[in-house]
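Everything on this sheet refers to the single structure shown next.
Below, chains carry the letters A, B, ... as their sequence lines are ordered, and counting in each starts from 1. What you see is a predicted model; the values in this text were computed from it and never measured.
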There are 2 protein chains.
Amino acid sequence: MGTCCDMRGFLSFIVLRLISKKNMSGDELRDELAKRKGHKPSPGTIYPVLKALSENGFIQEIKSAGKIKQYRLTKNGIKELEIATRKFCEIFYDMEGEFGRCLK
Amino acid sequence: MGTCCDMRGFLSFIVLRLISKKNMSGDELRDELAKRKGHKPSPGTIYPVLKALSENGFIQEIKSAGKIKQYRLTKNGIKELEIATRKFCEIFYDMEGEFGRCLK
DNA sequence: ATTGTAATATCGTATATACGATACTTATAT
DNA sequence: ATATAAGTATCGTATATACGATATTACAAT
C-alpha cells in the first residue's frame, strides 16, 4: 500500500528513451531501471512492456544468436518518443530547476 | 487503448507539488492539470486522489465558508514531497536538458 | 420557496504498471 | 548427456490512475 507518490508510471516512456540511447535487452533495461528507481523491476513488469511496445511497432528485436534479445527503436518509435518527450516536458515543465538541487 | 506512453502516473506527486506552491481546490487542480496535460481530468480522477492524500495526512482541508474546499500541505506532506521530488530527479535525471529543446 | 448551477463525492469499469511464482529457452559446465 | 544457470515469457493478483455517469451539497438568482 504505497503511501502516496509511489512514482509508478511512464515505464513505456522510460524504456523507449533508454532504447533510443542504446540498443538494449530486457535484462539490461531492468539493471538500468534499478539504478534509477532503487530496485530492479520484476520480469513480470518489463517483458510485457517490451511485448506491447513491439506489437505496437515502436521497437524491434535485433536478430541475435543467443538467448539475449536486444531491441532497437523503429521509425515509429522515434516519432512516438518525440511526442512523448514533448508531453513530458509540458507536464513537468517546472521541474527543470529541481534537478540541480536534488542531484548535488 | 492508449498506444503507448499515455503518460499516466505521478498524479499524487503533481497534486502535492501544485498545492505546495499555492493552496488549491479540486477544481483549480483540474484546471492546472488541463493546462499541462491538454485535457481536464474527470472529477472521478481528482477527488479520490485528494481524499487519499488527505487520509494519509499529506494535505489538509482549509476551513472555508463556501462549497469550495481548498487544501494546503501538512508538515508530512512537505516531507513526502521532498522525498518524491528526489526520487523523480533520480529516475528522470537525464531529462534536464530536454526542457529547453521541447519548450522553445 | 424554487430553480439553477458550480463544486464536490461516489460508483462501476478499464488500463498501465507492479509483484512474485512458475515455466520455457538457450548456452555453458561437468 | 545431463545439470546448471541466465535470460525470457507468462500467469494471477494488486494498485494508482483514468473515464463517464450519477448523486450530493451549497451558494445564487429569480
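- Distance A:I91 CD1 to D:dA18 C1': 13 Å, rounded to the nearest Å.
- Picking from C:dT10, C:dA18, D:dA16 the nucleotide with the shortest atom distance to the side chain of B:Y47 gives C:dT10.
- Atom CD1 in A:I59 sits about 13 Å away from atom C1' in D:dT8, given to the nearest Å.
- Side-chain atoms of A:D6 come within 3.5 Å of backbone atoms of A:R8 as a donor-acceptor pair (strictly under, hydrogens ignored).
- Considering only residues two or more places apart in sequence or on other chains, B:F92 meets the ring pair (Phe, Tyr, Trp, His ring centres under 6.0 Å) condition with A:F88, B:F10, B:F88.
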Every protein N/O lying under 3.5 Å from an N/O of nucleotides 21-29 of chain C:
from: C:dA27; atom 1: OP1; to: A:A65; atom 2: O; distance (Å): 3.1

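- Whole-Å rounding puts the A:I46 CD1 to C:dA18 C1' distance at 11 Å.
- For A:E82, the salt bridge (Lys or Arg N to Asp or Glu O under 4.0 Å) criterion is met by no residue, not counting sequence neighbours.
- Atom-to-atom, NZ of B:K40 to P of C:dA7 comes out at 7 Å; the value is rounded to the nearest Å.
- Applying a 4.0 Å cut-off to non-hydrogen atoms, the residues of residues 11-28 of chain A that approach DNA chain C are A:L11, A:S12, listed by residue number.
- Within the structure, every pair that satisfies the salt bridge (Lys or Arg N to Asp or Glu O under 4.0 Å) test and touches residues 40-57 of chain A, not counting sequence neighbours, is listed here: A:D31-A:K40.
- Using a 4.0 Å cut-off, no side-chain N or O of A:T45 falls inside it from OP1 or OP2 of C:dT17.
- Distance, B:F10 CZ to C:dT17 C1': 11 Å, rounded to whole Å.
- Scored by the salt bridge (Lys or Arg N to Asp or Glu O under 4.0 Å) test, A:E61 finds A:K69 as partners (sequence neighbours excluded).
- Residue pairs meeting the salt bridge (Lys or Arg N to Asp or Glu O under 4.0 Å) criterion with at least one member in residues 11-21 of chain B, sequence neighbours excluded, are A:D94-B:R17, A:D94-B:K21, A:E98-B:R17.
- For a distance-only test at 3.5 Å, the side chain of A:R8 qualifies as a donor-acceptor partner of the base of D:dT15.
- Listed nucleotides: C:dA16, C:dA7, D:dT10. Nearest to the side chain of A:K51: D:dT10.
- Overall bending of the helix from C:dA1-D:dT30 to C:dT30-D:dA1, expressed as the angle between end axes built from five pairs apiece, is 10° (10° steps).
- Across all strands shown, B:P41 has heavy atoms under 4.0 Å from sugar-phosphate atoms exclusively, and none from any base.
- One can place CD1 of B:I68 at 17 Å from P of C:dT5, the figure rounded to the nearest angstrom.
- Of the candidate nucleotides D:dG7, C:dT8, C:dC19, C:dC19 has the atom nearest to the side chain of A:H39.
- A donor-acceptor distance shorter than 3.5 angstrom exists from the side chain of A:T85 to the backbone of A:L81, with no hydrogens or angles considered.
- Checked against side chain to side chain donor-acceptor pair (under 3.5 Å), B:E96 has no partners two or more places apart in sequence or in another chain.
- The side-chain contact (heavy atoms from CB on, under 4.5 Å) search around A:K22 returns A:M24, A:E28, not counting sequence neighbours.
- For A:I91, the side-chain contact (heavy atoms from CB on, under 4.5 Å) partners at least two apart in sequence or on another chain are B:M7, B:I14, B:K37.
- Going from atom NZ of B:K69 over to atom C1' of D:dT25 covers 9 Å, rounded to whole Å.
- Applying the side-chain contact (heavy atoms from CB on, under 4.5 Å) criterion to B:Q60, with sequence neighbours excluded, gives B:R72, B:T74.
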> Checking salt bridge (Lys or Arg N to Asp or Glu O under 4.0 Å) for the pair B:E32/B:K35: CA distance, chi angles, key distance, verdict?
Replying inline: CA-CA 5 Å; B:E32 180 59 32; B:K35 284 184 202 161; 3.7 Å; yes
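- Here the P atom of nucleotide D:dA16 and the CE atom of A:M7 are 14 Å apart, to the nearest Å.
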